[in-house]
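Following: one structure in structure tokens, then a few remarks.
Note that ligands are numbered from 1 as they come in the structure, with each ligand's atoms numbered from 1 the same way.
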Amino acid sequence: MQVQSKVVIIDFGSQYTQLIARRIREAGVYSEIHPCIIGLDELKALEPSALVLSGGPASVGSPDSPLVDPAFFGLDIPVLGICYGMHLIAHTFGGSVEPSMNREYGRSTLEFVNDCPLWDALQDKDNLIVWMSHGDTVLVPPPGFEILARTSSVDIAAMGNQEKKVYAVQFHPEVAHTEDGFKILHNFLFKVAGLKPDWSMSSFIESTISSMRDAIGDEHVVCGLSGGIDSTVVAVLLHKAIGKRLHCILVDNGVLRQGEGEEVVETLSEHFDLNLKYVQAQERFLSRLEGVEDPELKRKIIGHTFIEVFDEEAGSIPGVKWLAQGTLYPDVIESVSFKGPSAVIKSHHNVGGLPEQMNLKLVEPLRELFKDEVRKVAVELDIPDIFVWRHPFPGPGLAIRVIGEITADRLEILRKADRIVQNELHASDWYRKVWQGFAVLLPLKTVGVMGDERTYENVIALRIVDSVDAMTADWSRIPSEILAGISNRIINEVQGVNRVVFDISSKPPSTIEWE
Ligand code: XMP
């Protein structure tokens, strides 16, 4: 990657570490997270332009607290310590850090004690609300450091050695609750460190294409497409790098949405001249799912059958040496805990096991990106909106939304109901406002009345949720008229359904999918 400015974030296990990285990238500066066990040589090899030390749950005075080689501070680059990062700086340079009487969690008002570039051009210098979450506090700043800010509960809420460009804040500038927190981070990047905002999606695209070209040479690559944004971006990037030596495979597993496979093939073919094989494997999947009710078994059957079909198809392409995967940066970070590489490396949801089995080299062009950055790359690559904004769709597809046994009839009912949900969300402009919205077919019948007739038919549940990363989610407060429209249409248009219910559970303790 040809970026000049690179911030290395040393992770001490804060829940906000990824947020720090995203904020820095949003400012146009490339940033990478590394676990706190990183060695000095490894750090030097990264050629960082600045360091950020994250927060973390440990107490710097305790015997097993994570520390870093003091030589990290001798690299002659600016450093910003946040929360635990601040305690570590104080500890390393000879200040004193003590446990507070009470753990402080929530909003505090910052009072500025001394001027410094971090406070440049903040909107409200008298009443800046900051977000605190800490047990320990710095009681005495180390020699050479001056106090820069305090709050009513903490005498040293920020400190700095301005000559050495080492700064530390007790609060969290990366969270939205800290007013002007992004401005403080910007000030660190641009005023203190003098970095250039040279991380852009177009520079990413250019350098990724050229490095993939170099790595792959004249070999061939196989790539599974799902219709989702990640695999589409992977395919388009690779297509630009190696053209027809990229072989895309889209498997219809019989549990896709109505017309989905065809729609993906048509739209992609209209826009890109991809080498794309659409494999109709519905029969193989559906026959194996017959009579299966257990959700885990459904998932396993679909996963194994996918690998089998994909393996056969890829094996029939001569000269394939590489498998492309849509691994994203959060997957990469999550597989390495802040204490170092964990034993379990997370494999991609839908193609786990493939690389080992097929003896292929992996190409993962999105490894450095967050999801919102993938969307920006997609826009830059002129990938049509239907891919860019498509809701996530699980690998096991509608199989885990037909609760209980999957039959052709039940799939058909769900497809029709689901199509109405999708149409209505689009028509009301709510599709892009929610994380995911879909229909679920329940394994029970209820009594209804239609005209003069008593009916005894199926129930559809609507699941429409808001989320940032699918780790937590809440049901969308979608206007009742839209829900009424969806319900009316499903009951009137989908034969076999006489009742629609709306799922009002959050995750946790529920999950987004029902199975
Ligand atoms: P849950 O149900 O765990 O879902 O709250 C979280 C997110 O992941 C999606 N999901 C999957 N995606 N393969 C996938 O590619 C899967 O097996 C799978 N299971 C759940 C789900 O749609 C939601 O966005």
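For Pro396, no nitrogen or oxygen atom sits less than 3.5 Å from a nitrogen or oxygen atom of ligand 1, counting backbone and side chain alike. By the 3.5 Å distance cut-off applied to N or O atoms, Ile400 is not counted among the residues near ligand 1. Residue-to-ligand polar distances place Gln436 within reach of ligand 1: an N/O pair is separated by less than 3.5 Å.
Every residue meeting the side-chain contact (heavy atoms from CB on, under 4.5 Å) condition with His177, not counting sequence neighbours, appears here in chain and number order: Arg107, Trp131, Val175. The side-chain contact (heavy atoms from CB on, under 4.5 Å) test applied to Glu513 returns Pro394, Ile400, Arg401, Gln436, Phe438, not counting sequence neighbours.
With salt bridges taken as basic N to acidic carboxylate O contacts below 4.0 Å, none links Arg257 and Glu263. Electrostatic pairing of Glu260 and Arg390 counts as a salt bridge here, judged by a charged N lying under 4.0 Å from a carboxylate O.
Residue-ligand proximity, Thr511 to ligand 1, at heavy-atom distances under 4.0 Å covers atoms 1 (P), 2 (O), 5 (O). Near Pro392, the atoms of ligand 1 lying under 4.0 angstrom from a non-hydrogen atom of the residue are 24 (O). Taking a cut-off of under 4.0 Å to the non-hydrogen atoms of Lys507, the atoms of ligand 1 that pass are 1 (P), 3 (O), 5 (O), 6 (C). Atoms of ligand 1 found under 4.0 Å from any heavy atom of Ala470, numbered from 1 in the order shown, are 6 (C), 7 (C).
Within the cation-pi definition used here (under 6.0 Å to the ring centroid, within 45° of the axis), Arg477 qualifies as a partner of Trp475.
Within the 4.0 Å heavy-atom cutoff, Trp435 counts among the residues contacting ligand 1.
Each of Leu483, Ile478, Ile486 was evaluated against Glu424; a single residue qualifies, Ile486, per the side chain to side chain contact (heavy atoms under 4.5 Å, CB included) test.
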